[in-house]
J.: 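Sharing a structure, written as structure tokens. Questions coming.
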Amino acid sequence: MVIIQGMSLERRQDEFLDSQVVTEKQIRVKKPRMYAVILLNDDYTPMDFVVWLIQTVFHKQIDEATRLMMDVHLKGKGVCGVFTCDVARTKVTVVKELAKKHEHPLECIMEAA
């Protein structure tokens, strides 16, 4: 047994442990920033291709894909979905690659939502 200034080491450790306050850290997780994936209108890409693309890439039913295509055609742009940054970037890349593969000038962008 070790004696420190008239008190045993065991007793000092017990007093030290008894005086400790245990606090729990609260961790706050931020929600990821979301991005809208937007198709832009052009005068050359066929409407059927745009509908097919929306169905294929964004997994929309024919009715919603047609409505989105009409938004692109009449309003100049259409929001196909809102995603996290990585997913939105991937969707934009896939749309551009498919448009290029089928020789269409269709443009797709992402904007912070």
Side-chain angles (χ1 to χ4, degrees):
M1 183 178 294
V2 178
I3 305 289
I4 300 176
Q5 295 178 351
M7 192 182 298
S8 72
L9 183 61
E10 290 174 359
R11 185 172 171 205
R12 290 191 86 182
Q13 286 176 341
D14 289 343
E15 286 179 2
F16 179 76
L17 291 175
D18 288 343
S19 67
Q20 293 293 311
V21 177
V22 178
T23 59
E24 192 174 301
K25 268 190 171 177
Q26 290 184 354
I27 299 172
R28 294 184 184 174
V29 179
K30 281 182 156 180
K31 288 185 178 181
R33 195 165 179 190
M34 302 301 280
Y35 293 85
V37 177
I38 302 167
L39 290 178
L40 302 177
N41 188 38
D42 64 70
D43 294 332
Y44 304 102
T45 306
M47 292 178 176
D48 291 343
F49 176 77
V50 175
V51 171
W52 172 82
L53 188 94
I54 293 168
Q55 287 181 288
T56 303
V57 177
F58 299 99
H59 308 288
K60 304 289 185 184
Q61 296 297 320
I62 186 77
D63 297 341
E64 189 173 0
T66 303
R67 184 188 59 75
L68 283 169
M69 178 273 300
M70 290 306 293
D71 282 350
V72 173
H73 180 68
L74 298 174
K75 297 177 184 176
K77 63 182 181 178
V79 177
C80 295
V82 178
F83 309 95
T84 59
C85 185
D86 291 339
V87 174
R89 189 177 297 126
T90 301
K91 299 265 186 199
V92 168
T93 302
V94 169
V95 167
K96 288 182 175 185
E97 287 175 357
L98 284 171
K100 185 176 180 179
K101 178 181 175 183
H102 292 270
E103 300 179 355
H104 298 301
L106 184 65
E107 280 297 319
C108 185
I109 60 171
M110 60 188 260
E111 291 180 353

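From a predicted model like this one, the values you see are computed outputs, not experimental measurements.
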J.: Quick check for you: to the nearest 0.5 Å, what is the distance between Cys80 atom SG and Glu64 atom CD?
T.: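 Answer for the SG-CD pair, Cys80 versus Glu64, is 9.0 Å.
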J.: Identify the heavy atoms of Tyr35 and Ala88 that sit nearest to each other, and give their distance.
T.: CB-CB, 3.9 Å
J.: Report yes or no: do Val94 and Met69 belong to one cluster of Ile/Leu/Val/Met/Phe/Trp/Tyr joined by side chain heavy-atom distances under 4.5 Å?
T.: yes
J.: Please answer: with hydrophobic residues joined when any side-chain heavy atoms are less than 4.5 Å apart, are Phe83 and Ile38 in the same cluster?
T.: no
J.: Could you measure the distance from the CD1 atom of Ile62 to the CD1 atom of Ile54? Nearest 0.5 Å is fine.
T.: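 Nearest 0.5 Å value for the CD1-CD1 distance: 9.5 Å.
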J.: Hey, could you give me the NE2/CG distance between His73 and Asp43, rounded to the nearest 0.5 Å?
T.: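 Between atom NE2 of His73 and atom CG of Asp43 there are 9.0 Å.
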J.: Is Leu74 reachable from Val51 through a run of hydrophobic residues whose side-chain heavy atoms are each under 4.5 Å from the next?
T.: yes
J.: Does Arg67 pair with Asp63 as a salt bridge, N-O distance under 4.0 Å?
T.: no
J.: If a pair satisfies side chain to side chain donor-acceptor pair (under 3.5 Å) and one of its residues is in residues 95-113, list it, with sequence neighbours excluded.
T.: none
J.: Could you tell me if the side chain of Val37 sits less than 4.5 Å from the side chain of Phe58, heavy atoms only?
T.: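 Side chain of Phe58 against side chain of Val37, heavy atoms only: contact under 4.5 Å found.
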J.: So among Arg33, Arg89, Met34, which one has a side-chain contact (heavy atoms from CB on, under 4.5 Å) with Thr84?
T.: Met34
J.: Working note: Leu39 + Leu68, criterion side chain to side chain contact (heavy atoms under 4.5 Å, CB included); need CA distance, chi angles, decisive distance, verdict.
T.: CA-CA 9 Å; Leu39 290 178; Leu68 283 169; over 6 Å; no
J.: Could you give the distance from SG (Cys108) to NZ (Lys91), rounded to the nearest 0.5 Å?
T.: 10.5 Å
J.: Any non-hydrogen side-chain atom of Leu53 less than 4.5 Å from a side-chain atom of Leu98?
T.: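 Yes - at least one pair of side-chain heavy atoms lies under 4.5 Å apart.
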J.: For residues Ile109 and Val92, determine if any side-chain heavy atom of one lies less than 4.5 Å from a side-chain heavy atom of the other.
T.: no
J.: Return the minimal non-hydrogen interatomic distance between Ala99 and Phe49, and the atom names on each side.
T.: CA-CZ, 3.9 Å
J.: Are Val57 and Met70 connected in a single hydrophobic cluster, I mean Ile/Leu/Val/Met/Phe/Trp/Tyr linked by side-chain heavy atoms less than 4.5 Å apart?
T.: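 Yes, same cluster.
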J.: For the atom pair OG1 (Thr66) and NZ (Lys60), what is the distance rounded to the nearest 0.5 Å?
T.: 13.0 Å
J.: Linking I/L/V/M/F/W/Y whenever their side-chain heavy atoms sit closer than 4.5 Å, directly or via other members, would Val72 and Met47 fall into one cluster?
T.: yes
J.: Please give me the minimum heavy-atom distance between Ala113 and Ala36, naming the atom from each residue.
T.: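 Scanning both residues completely, I find the closest heavy atoms to be CB-N, 4.2 Å.
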